[in-house]
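Worksheet: the structure to be examined is printed underneath.
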Protein chains: 2
Amino acid sequence: MSTAEETAGGETSAWGEVTPDAARRLLIAAVEAFAERGYHATTTRDIAGRAGMSPAALYIHYKTKEELLHRISRIGHEKALEILRTASRREGTAAERLADAVSSFVRWHAGGRTTARVVQYELDSLGPDARAEILALRRQCDAEVRGIIEDGVAAGEFDVLDVKGTTLAVLSLCIDVARWFSVDGPWTPDEVGALYADLVLRMVGAK
Amino acid sequence: MSTAEETAGGETSAWGEVTPDAARRLLIAAVEAFAERGYHATTTRDIAGRAGMSPAALYIHYKTKEELLHRISRIGHEKALEILRTASRREGTAAERLADAVSSFVRWHAGGRTTARVVQYELDSLGPDARAEILALRRQCDAEVRGIIEDGVAAGEFDVLDVKGTTLAVLSLCIDVARWFSVDGPWTPDEVGALYADLVLRMVGAK
DNA sequence: GCCGAAGGTGAGCGGGCGCTTAGCGTGGCC
DNA sequence: GGCCACGCTAAGCGCCCGCTCACCTTCGGC
């Protein structure tokens with residue numbers, strides 16, 4: 001199955017910081033299961049089974065099923081923020097930085113859509129405290145993109161009616177890639193990234 | 001709670017065709033519960049309770065919990081298709097028709113986000129047959145929007161690199177409104193509709 | 001060679017799930 | 001007034017859920 005290969009392959013690097021090995025295997029198994037079926041439809045027995053362990057083994061490394069989702073969500077959001085921050089802080093015009101931010105953010109959502117789906121769509125399954133923590137990271141993502149657009153407007157590069165609304169629309173467009181993208185579809189992550197960078201530059205009226 | 005008011009008020013009209021009354025109350029209760037908690041996290045006891053009935057009453061009107069989701073999904077998609085079709089077939093330039101389609105489609109996703117959330121995000125919880133039926137409706141929605149964009153390109157009104165990809169992006173942008181829109185936020189559905197119509201016209205390079 | 005810590009297992013608990021069934025009240029029809 | 005069809009409820013079945021616990025290995029330090 002493509003999801004397993006992908007998560008076991010390229011995506012796994014993102015989880016390198018998780019130790020010990022058994023805890024990482026469980027986390028990766030949980031990402032796959034949550035992405036396929038959703039958090040509530042996934043059983044702890046399924047997660048443990050995918051990691052090649054007994055159901056009880058999960059509770060040696062994680063207190064609850066929700067802690068797994070919380071850890072996945074935080075690591076994923078930190079990665080997303082890092083991507084946007086890198087693009088935002090590079091040298092270049094606002095248009096170049098925005099195109100870079102959008103294309104790399106979209107590539108992440110398309111290529112790592114297993115992770116991105118969990119990160120973007122299972123937020124409501126977290127408890128209040130964990131959700132608040134993740135929402136703070138999300139606002140930082142928002143601020144990075146808004147910063148680039150504000151720079152472009154200030155420099156006369158962009159022509160935008162509503163900076164806040166346009167920022168939201170740009171992020172929304174990128175995030176929804178995780179919902180519809182499929183490796184069986186006609187596009188590669190790179191192609192979608194390039195197409196979307198062009199569309200977003202049009203949205204902000206780049207000269 | 002705003003969701004209850006909204007569904008009991010303006011949105012209810014959409015369910016007028018559902019009879020008898022008890023079946024309609026159960027359907028509306030299910031829409032609210034699925035939108036708040038997700039399909040898998042919603043119990044049949046919760047649905048029946050919201051409709052003011054005992055758990056067993058649900059099974060007089062619906063064979064299974066999944067049948068409720070199926071019915072909601074089909075009615076919702078038919079409504080979405082009708083909105084796009086109306087805009088697509090009106091008189092006017094391609095730009096006017098596209099702006100109309102986007103603004104009314106977005107208004108529906110924002111104003112009726114309780115319904116829209118279920119319709120757009122709970123598709124995977126349906127069984128294979130029901131999902132296939134709904135996906136056919138979704139492809140028809142896609143075709144309506146693509147038709148307008150193709151008309152605009154043919155008439156020299158639009159400047160689009162990738163018609164299929166741009167169509168997908170436009171629909172994706174509109175659909176994701178159901179994920180983030182909140183009545184407590186700074187915009188009304190009308191304002192988001194107008195903003196998005198402008199953004200989409202920019203995306204297709206309308207003259 | 002013994003020991004304790006770390007990491008794992010099999011069995012199973014309390015509970016809530018989707019759904020069923022036996023029976024009850026009630027309104028329309030003759 | 002007698003009767004039945006319909007809409008509904010109270011009770012509960014069988015199942016599987018998240019999670020626990022008693023016990024079992026393995027292995028480095030001495």
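Proteins come first, then strands; the chains are lettered A, B, ... in the order of their sequence lines, and each starts at number 1.
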Can a donor-acceptor pair be found, under 3.5 Å and without considering hydrogens, that links the side chain of [X] to the backbone of [Y]?
| X | Y | value |
| --- | --- | --- |
| E122(B) | L69(B) | no |
| S103(B) | A99(B) | yes |
| R117(B) | A178(B) | yes |
| R25(A) | A51(A) | yes |

Closer than 4.0 Å, any side-chain N/O of S54(B) to the OP1 or OP2 of dA10(D)?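 Looking at the OP1 and OP2 atoms of dA10(D), neither is under 4.0 Å from any side-chain N or O of S54(B).
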Knowing that exactly one of R138(A), R97(A), R89(A) qualifies, which makes a salt bridge (charged side-chain N to carboxylate O under 4.0 Å, His left out) with E144(A)?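 Filter result, single survivor: R89(A).
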F105(B) and W108(B) aromatic ring geometry - parallel, tilted or perpendicular at 30°/60° bounds: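 Aromatic pair W108(B)/F105(B) classed parallel.
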note: L58(B), atom CG; dT9(D), atom P; distance rounded to Å ~ 11 Å
With sequence neighbours left out, write down each residue that passes ring pair (Phe, Tyr, Trp, His ring centres under 6.0 Å) with [X], or none if nothing qualifies.
| X | answer |
| --- | --- |
| Y196(B) | none |
| F34(A) | Y39(A) |
| Y121(B) | Y121(A) |

Closest-nucleotide 5' rank along DNA chain C - winner of A56(B) and A57(A):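 Whichever sits nearer the 5' end wins; that is A57(A).
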When you match M53(A) and R45(A) each to their closest nucleotide on DNA chain C, which lands nearer the 5' end? M53(A)
Result for 5'-nearest mapping on DNA chain D, choosing between A22(B) and P55(A), is A22(B)
DNA chain D contacts among residues 59-73 of chain A, heavy-atom distance under 4.0 Å: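 By residue number: Y59(A), T64(A), K65(A).
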Checking side chain to side chain contact (heavy atoms under 4.5 Å, CB included) for the pair S88(B)/R85(B): CA distance, chi angles, key distance, verdict? CA-CA 5 Å; S88(B) 171; R85(B) 218 165 238 166; 5.6 Å; no
Distance check, rounded to the nearest 0.5 Å: I83(B) atom CD1 versus E78(B) atom CD? 12.5 Å
How does each nucleotide of nucleotides 22-27 of chain D score, in 5' to 3' order, for protein heavy atoms under 4.0 Å: base (B), sugar-phosphate only (S), or none (-)? ------
Under a criterion of less than 4.0 angstrom to any heavy atom of chain B, what are the 5'-terminal and 3'-terminal contacting nucleotides of DNA chain C? dC17(C) to dT21(C)
Closest nucleotide among dA11(D), dG18(D), dC21(D) to the T44(A) side chain: dG18(D)
Where the side chain of T43(A) is concerned, which of dC8(D), dA10(D), dC17(D) is the nearest nucleotide?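 Between dC8(D), dA10(D), dC17(D), the one nearest the side chain of T43(A) would be dC17(D).
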